[in-house]
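Presented below is the structure to which this report refers.
Nothing here was measured: the structure is a model prediction, and the numbers come from that model.
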Amino acid sequence: LIFLHIPKTAGNSVFNVIRRQYPASSRYDFDMDWDRRQQTIDEFTALSDKEKSDIHFIGGHTFYGLHRSVPQPAVYMTFMRDPVDRFVSHYYFSKESSFGPLKRKLEQITEPTPYQQQALEFLRLTESRRGSLQDFLELSVELDVMNLQTRMIGGFVDPSNVIPPFQKLPENALQVAEDNVHRDFPVVGLVEDFDTSLLLFRKAFGWSNVLYARHNQTRSRPALEQVSRQTRRAIEEASSVDIELYNKMKIRFNEQVSTLGDGFSRQLAQFKAGLRCYSLLQKTYRASGLKKLRQLLQ
């Protein structure tokens, strides 16, 4: 199973569910930090077929096409999100996190690799263009990182160069991405219908406990309705391919839910009740200090 984690689609919450399903010895997680992402991809592709055959789950900010590097049959999973909302969230996350520590870390390397140098230049560029949502949008258009969901699902990323700028998407990008989904993605989840998505994944992959707590939420971002209509329209125009793909996936998602029968509504209600209890337990656990103690002992 390959989890194609599109940025700002609740991936960290999903990872916590996934880690319960597969032991660490059978997982391969791509590093999320820019300075190591390419390295972990290269390290994985360099593994022998024997080593890869022992892996049952791969996840991270990866791309369609990775299945060609493994000896066993593979399927994909991913979450999609309303493209305008995802982009706004991505901007405020980038602005809030600033990536300052990572940038300083890269600046202190005396002999950086070409990849590290490229990552540093990219971080400097995005830092200089985070002054406003409009400026960030213009930069994203220049670097061809708009329609990122279509790009990742369609496989339009060079595995030897995962840092923008990217090549322009081909005219048939939407069709290629849609074909990939129908062939190799048993389920595509929707962030806007997260709980139902998890139950679909549980059924498709035979998972057990899929309770979760939200992680990595961007606190500073405004509601989408608070973004000016002009800016939203500009994002929509720049995300037109992603919007088409997202709308097609919504139709597919609803069709899959409709096949689950009347009992599914009851399952979903029970799951949501379980989430409320789980959330309360998580808060109690964190407040008790046991979490910090466990981290110290590990």
Would you mind reporting whether [Y] and [X] have side-chain heavy atoms less than 4.5 Å apart?
X	Y	result
Met77	Phe205	yes
Met152	Thr78	no
Tyr246	Ser239	no
Val70	Ile55	no
Ile163	Asn161	yes
Asp82	Leu224	yes

Practice task
Kindly check if the number of other-residue, nucleotide or ligand heavy atoms within 6.0 Å of CZ (Arg229) is above 12?
Solution key: no

Practice task
Assess whether atom NZ of Lys250 is packed by more than 12 heavy atoms of other residues, nucleotides or ligands within 6.0 Å.
Solution key: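 No - once you tally the heavy atoms of other residues, nucleotides and ligands closer than 6.0 Å, there are 12 at most.
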
Practice task
Determine whether Val191 and Val257 fall in the same hydrophobic cluster, where Ile, Leu, Val, Met, Phe, Trp and Tyr are linked whenever their side-chain heavy atoms lie under 4.5 Å apart.
Solution key: yes

Taking [X] for the side chain and [Y] for the main chain, is one N or O donor matched with an acceptor at less than 3.5 Å?
X	Y	result
Arg86	Pro7	yes
Arg221	Val88	no
Ser197	Leu190	yes
Gln167	Asp158	no
Thr196	Asp193	no
Thr45	Asp42	yes

Problem - Lys103/Glu107 under salt bridge (charged side-chain N to carboxylate O under 4.0 Å, His left out): CA gap, chis, key distance, verdict - result: CA-CA 6 Å; Lys103 184 167 73 73; Glu107 287 172 336; 3.4 Å; yes

Check for me whether the distance between the ring centres of [X] and [Y] falls short of 6.0 Å.
X	Y	answer
Phe156	Phe166	no
Phe201	Phe79	yes
Phe93	Tyr91	no

Measure up the [X] and [Y] rings against each other and bin them: parallel (under 30°), tilted (30 to 60°), perpendicular (over 60°).
X	Y	result
Phe136	Phe87	tilted
Tyr76	Phe185	parallel
Tyr28	Phe30	perpendicular

Problem - Phe122 vs Leu143, side chain to side chain contact (heavy atoms under 4.5 Å, CB included): CA-CA, chis, key distance, verdict - result: CA-CA 10 Å; Phe122 175 72; Leu143 297 178; 3.7 Å; yes

Handout entry: Distance in Å, Arg104 CZ paired with Leu120 CG, rounded so as to fall on 0.5 Å steps
Key =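 Here the rounded value is 12.5 Å.
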
Practice task
With rounding to the nearest 0.5 Å, note down the distance linking CZ in Arg130 to NZ in Lys95.
Solution key: 9.5 Å

Salt bridge check, [Y] against [X]: does any charged N sit closer than 4.0 Å to a carboxylate O?
X	Y	answer
Glu178	Arg252	no
Glu142	Arg129	yes
Glu244	Lys248	no

Handout entry: Shortest non-hydrogen separation from Pro164 to Gln118 and the atoms involved
Key = O-NE2, 4.2 Å

Practice task
Quick one: do Ser89 and Arg81 satisfy side chain to side chain contact (heavy atoms under 4.5 Å, CB included)? Show the steps, please.
Solution key: CA-CA 10 Å; Ser89 179; Arg81 183 175 182 178; 3.5 Å; yes

Exercise for the section: Indicate whether the side chain of Asn147 and that of Thr150 have a donor and an acceptor atom separated by less than 3.5 Å. Expected result: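 The criterion, which ignores hydrogens and geometry beyond distance, is not satisfied for Thr150 and Asn147.
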
